[in-house]
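All heavy atoms count here, side chains included; hydrogens, waters and symmetry mates do not.
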Amino acid sequence: MNETTAAAPIRLTRADGSPIRVLVVDDEASLTDLLQMALRYEGWEIKTAADGSSALATARDFRPDAIVLDIMLPDIDGLQVLQRLRADGNDIPVLFLTAKDALDDRIAGLTAGGDDYVTKPFSLEEVVARLRGLIRRSTLTVDANESPVLVVGDLELDEDSHEVRRAGRLIELTATEFELLRYLMRNPRRVVSKSQILDRVWDYDFGGKSSVVEIYISYLRKKIDAEGAPMLHTVRGAGYMIKPAE
């Protein structure tokens with residue numbers, strides 16, 4: 001009898017070779033157990049929390065590389081947890097879990113500084129895939145032969161330090177905003193479509209919800225174009241382009 005063996009996933013590790021750390025925050029013990037099992041299969045180190053206060057304390061001590069965060073928690077909700085993390089200067093990638101499927105709720109999570117979300121019920125494979133994408137985007141590596149600094153007009157993006165400046169002024173971006181800007185700046189004066197952006201920045205099939213691209217382009221415009229003449233442009237029916245301000 002022929003036997004087949006499933007290929008093991010490519011292991012993601014920290015730069016020093018140690019396991020990726022993920023904090024899972026949810027008050028449903030059965031769901032937390034399933035997520036722990038799936039993420040430990042990736043070779044990652046997992047900590048859990050059942051409420052917002054515990055999540056904040058664990059995040060400070062554990063220093064995770066990513067957080068899976070339920071919006072509905074018994075004390076403070078996930079949006080408040082994330083707001084407190086961001087207020088402390090913590091830019092860790094966050095994947096929201098939510099039972100709400102309304103667009104306003106998804107936008108609220110992203111506006112609060114979240115990087116992605118999945119709607120319950122979801123597959124464990126989907127959560128793992130999205131986490132892997134977030135972790136890869138937050139720990140970018142640069143070819144040793146390339147300059148780590150991308151320049152378009154008076155806008156500079158440093159891939160090593162993750163700093164973005166326009167006309168010398170520092171601009172704070174989330175991990176997803178940084179990766180979207182990085183992709184645009186690697187293609188200056190070139191129109192890139194929503195599907196190209198989804199494939200490169202989100203790195204998975206977004207189920208046709210391309211509105212997330214519009215949301216993040218809007219976020220970037222508020223931060224980048226607020227510092228000077230417009231650099232981010234919509235090409236109707238085609239996509240988006242970045243070019244030096246005129």
Side-chain ion pair, [X] and [Y], N-O less than 4.0 Å:
{"X": "Lys194", "Y": "Glu214", "result": "yes"}
{"X": "Lys120", "Y": "Asp70", "result": "yes"}
{"X": "Asp65", "Y": "Arg21", "result": "no"}
{"X": "Arg132", "Y": "Glu42", "result": "yes"}
{"X": "Glu177", "Y": "Arg182", "result": "no"}

Would you give the length of the straight line joining atom [atom1] of [X] to atom [atom2] of [Y], rounded to the nearest 0.5 angstrom?
{"X": "Glu156", "Y": "Arg169", "atom1": "CD", "atom2": "CZ", "answer": "15.0 Å"}
{"X": "Ile67", "Y": "Leu97", "atom1": "CD1", "atom2": "CG", "answer": "11.5 Å"}
{"X": "Asp154", "Y": "Arg166", "atom1": "CG", "atom2": "CZ", "answer": "4.5 Å"}
{"X": "Leu82", "Y": "Ile92", "atom1": "CG", "atom2": "CD1", "answer": "10.0 Å"}
{"X": "Ser193", "Y": "Leu198", "atom1": "OG", "atom2": "CG", "answer": "8.5 Å"}

Side chain of Arg86, backbone of Asn90: donor and acceptor closer than 3.5 Å?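 Answer holds: yes.
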Could you check Thr58 against Asp61 for side chain to side chain donor-acceptor pair (under 3.5 Å), going step by step and ending with a plain yes or no? CA-CA 5 Å; Thr58 304; Asp61 296 336; over 6 Å; no
With side chains defined as the heavy atoms from C-beta onward, is the minimum distance between [X] and [Y] less than 4.5 Å?
{"X": "Ile197", "Y": "Tyr183", "value": "yes"}
{"X": "Val25", "Y": "Leu23", "value": "yes"}
{"X": "Glu125", "Y": "Val128", "value": "no"}

Consider only side-chain N and O atoms of [X] and [Y], and report whether a donor and an acceptor are under 3.5 Å apart.
{"X": "Arg221", "Y": "Thr234", "result": "yes"}
{"X": "Ser53", "Y": "Asp75", "result": "yes"}
{"X": "Thr176", "Y": "Thr174", "result": "no"}

Partner of Val164 by side-chain contact (heavy atoms from CB on, under 4.5 Å), out of Leu220, Leu150, Leu173: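 By the side-chain contact (heavy atoms from CB on, under 4.5 Å) criterion, Val164 pairs with just one of Leu220, Leu150, Leu173: Leu173.
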Ile242: which of His233, Met231, Arg190, Arg189 passes side-chain contact (heavy atoms from CB on, under 4.5 Å):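 Filter result, single survivor: Met231.
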Taking all non-hydrogen atoms of both residues into account, name the closest pair between Ile71 and Asp77 and its distance.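 It is O-CB, 3.2 Å.
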